[in-house]
Structures are given as C-alpha cells and as structure tokens.
Protein chains: 2
Amino acid sequence: MHKLTNRTPLSEAQEDYLKQVLLLGSGGEGPGRLEDTHPVSTQSLADQMQVKPASVTGMLKKLAALGLVEYEAYRGVRLTEAGYRVALEVLRHHRLIEAYLHEALGYGWEEVHAEAEKLEHHISEAFEERIAEWLGHPSHDPHGDAIPSATLELPPTTPNRRLSALEHGVRGLVARVATQDQDSLNLLAHLGLKPGAALQLLEQVAEGSRIQVGKERYLLPMSLAQVLWVHLEGGPHDG
Amino acid sequence: MHKLTNRTPLSEAQEDYLKQVLLLGSGGEGPGRLEDTHPVSTQSLADQMQVKPASVTGMLKKLAALGLVEYEAYRGVRLTEAGYRVALEVLRHHRLIEAYLHEALGYGWEEVHAEAEKLEHHISEAFEERIAEWLGHPSHDPHGDAIPSATLELPPTTPNRRLSALEHGVRGLVARVATQDQDSLNLLAHLGLKPGAALQLLEQVAEGSRIQVGKERYLLPMSLAQVLWVHLEGGPHDG
DNA sequence: TTTTATTTTTAGGCAAGACTAAATCTTTGT
DNA sequence: ACAAAGATTTAGTCTTGCCTAAAAATAAAA
C-alpha cells in the first residue's frame, strides 16, 4: 500500500538511496526528466553506496512501501514522482552547498564534494534559501553540474560532449567535471581543468586524449577524458 | 578499562550527551574549568535530551567505557578530561555556527539555535576553521555565550548577574540570554533585549522584574528575568 | 535446451539507541 | 529508625540499517 501523502521525514540513508537511483538512472549528461531515466540495478546501487547488494534489496523494499520507488524483484528500480522530487531536493542541497563553500568560504572546487555530502541532509529549507539568495540563485555548481531550482526545475541543458568522444582539432570550454573521485579531482584541478577552462583536443590515442590547455600539452588518461564534458566552441546555438 | 587514546569517532548522540553533561554540570554562568563542575543526575539529562532515564543510564555506561565520563551508579556523572575536551569542541562548533548564521547569512539571533543544533555534529574541522576565520575568531556567539578557542580555552569571564538578582535602579547591558526556548527567544528579540542592549531595572515585584529599555517599560516575568544576564554599568573593572 | 555463471533475494544476526516494566537504591518524613 | 516516595538501574523489546551465508532466479553459454 502506497502512502502518497508522505510527510514522514526520511532518514539520511533513504535520501542517499533516492539520490543515487536518480543519478545512476540518468545518462552521463546528468539528471533530466523522470521519464528519461532507466531502471537501476541492485548491484550498481551497492557499488555506489559502498554497501552489500543484500542491504540494497532491504532498503528498496522500504522505499517501495513508502511509495518513493517502483521496485520489481530481480528487475531493478526506478523513482516514482514523489521519489524523484525528494532526489532533486537532495541534489539541490548538495550542489548549492558546493557552490556556497566555493564562493563564500574559499574552498577549492575540488574540495567541496565531501563536505557537501555530509551537510546536504542536515540543512533546513531556510538555510537552503539563504545560501541560494547569497549566491544569486546559480544554475550550476563548481563542477558544472546543474542545480535544480527552488521549484525543482532543471536548468536548460547545453549540448556538451565527453572529451573522449571528440574529433581531433576541436576546441571548447570545460563544461562539467563528472567525477567525485578525489584523486581525479585533485589532478584535474592541478592542471587547471576546471569548468570554464579552454582546451583543444590534439588527438585521440590508445591511452587517452592529447590536449592543449593554454601553452601546456597533456596526455589525459581515458578515465579522465571520459569525465570531462566539453562545450564546443562555435557549436550549436539556441536562440 | 579506559581507552584514553580514543580516536573512534563519536556518534551524534554521544556528542550530545557529553555537551549536556558539561552544560548541566556548570553553573548558570556557563561552562568554566572542569574542576568547577558538579555531577549531573540521570534525570536532568533525561529531561534535557528528551529521553527516558533508562536510556540515559545505558548511554552513560557506554561513555564511561570509552573513558569520557566518570560514572558511578546512583551517583550521577561527570566528564573526564577527554570528555571535557569533546564537549568543548562540540560547544565551539555550535556557537561558531550560530555566530556565522547570524553575521554571514542574516539569521535573527533568536533563530540560530535550532539550525546550529543540527549542524554542529556534521561540519569538518576545515569548515570550523573557515567560518572562525571569516568571523574574525569571535569570543562570543549571538546569545552572548562564550566560544571556546581553537585550542579549547574559554575567554575570560566578565562579572555578570541575572536580571532577577539585581537591586532596583541599577543600569547595565544585556550580556547573555541564557535560554534556548524558542518562545522566550522570540519575545526577548521582539522587545529588543538582545546582547548589547541597555536596560535599567526599575523594581523587582512578585511576578518578575519591571525594567526600562529605551523609552519603553516592561514587566518581565521571573522566568525570563532569570535567563537575562546583565553586565553592570560602571561595574568592577579588571585592569 | 540444458548447463553454468551471475545477480538478486531470503534468512538470520549484530550494534545503536530508544522504550516499557519491574527491581533496587536513596532520600525523606515522622 | 523505618516505611513510603522518588530516582535510578536492570531486563527485555523494538527499529534502523548494515552484515554474511545460503537459496533462488535470471542470463549466458554450450
């Protein structure tokens, strides 16, 4: 029996599961409309949450009973409308906090993830509002990830592509750094490859992507080239 | 067996208990040196934590096993040196957050407590440092409560007295508002009775204290007069 | 199609931290 | 001094969220 008029506050774990179902169920471009998501496997959730698959099954049953996910045994899980809203709310908290830590408190953009991960579950709506206000209601966080609005709409997407999928010679701006791995973040930050940075793809080789950033040339391993999303120079315009 | 080389991170509940043992064990003037505290009863902790006495007993045993409190059955509890340090650290977090919410994010001084209560357990040392830096390493929070330094020293105490204990005619400045009750805070805020405000005690009556604030006169109920700590005008100097 | 490998679920447990009810200590009143 | 009252502790449960091991379902391969 679904409890759609759900006003029981969710636990931290529950919120985290919902967030991950959204993230894993969306393409690499980041979360979009609920209809565009695909079901998520128990295993992928277990990996993401650093937890055993059996634990995931247990939690999914609870969330299904709350009407927050649609869960069919052996068949993966997807969010309901209600679960989707919760997930977006958590994402909004996370990304606003990242932006605030970066802009207001001088955190490096590569340092903000861990702190936001803890805080996202513990701030009030008032806090959310005040930092959003202070920041001027930003549409993207320091990693280039979209921030849902107060009414949970996502900002319009721009046509970005993975560095690893570009043709040689192409120039563009880093639009998004889609990893949370601390080592990767540190390296990319060290190379100046943060959102907004200009780069040119020299060529794709077996080991990864040879690029030029300012006057420097680097060979970026495949694993990193895949998480760097690039906005093409002179690419498609929308207006 | 005490585990004095304690580096197991404490739970939120454990930190809260330690904080309350410190607060309840200190006089109304707020926490001072560990030697000046008195043992705290199970009942008073239960009241403060909104929990049944049996639950308190259970937790105290755990904390005693960790070497954070000295606990003798039926006899109350006090902090050990290690527990005292944890309690001060939590208090520092709490009060720095209150100050930051007030000064940086425009929270009213009467609104900050609830938010700080949640956040105090979830911020990193880096976060603590950055907001302390931003604030200029303040010695007191918006309620006038002392903030332990990064090395956990308490700022020198000033000779304040409860409004309810003053003689009529006396003038002074509000030094501290020692309540966390939201209704009381709202009322005091409404009357402009925040730390720094000047007032004069007209007379003590059975129902409370008749005072003058600016051009207004109020009869402040006993319960409120007891939580208002006043710094006497032209009072004892220390230099 | 049948076997094998992989994924997922079930079953049973554990640790925190709360609760209730019952037992036991301490204090207090006379 | 002693009994009643009040405070505290013990004993036994419950819920949450995780675990491991074993069973079952699905998917892949022969």
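Each chain gets a letter, A, B and so on, in the order the sequences are listed, and its residues count up from 1.
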Donor + acceptor pair across side chains of [X], [Y] (<3.5 Å):
X	Y	result
B:Ser124	A:Glu115	yes
B:Asp16	B:Gln20	no
B:His102	B:Glu98	no

| request: Check whether the ring centres of B:His121 and B:His93 lie less than 6.0 Å apart, and answer yes or no. | output: no
| Reading nucleotides 6-17 of chain D 5' to 3', which nucleotides get B (base under 4.0 Å from a protein heavy atom), which S (sugar-phosphate only), which -? | --BBB-----SB
| Of all nucleotides in DNA chain C with an atom under 4.0 Å from a non-hydrogen atom of chain A, which is the first and which the last going 5' to 3'? | C:dT8 to C:dT10
| note | Closest non-hydrogen atoms of B:Ser209 and B:Gln204, given as atom of the first, atom of the second and distance, are OG-OE1, 2.7 Å
| Which class fits the ring pair A:His122 and B:His122: parallel under 30°, tilted 30 to 60°, perpendicular over 60°? | parallel
| Does a side-chain N-to-carboxylate-O contact under 4.0 Å join A:Lys19 and A:Glu117? | yes
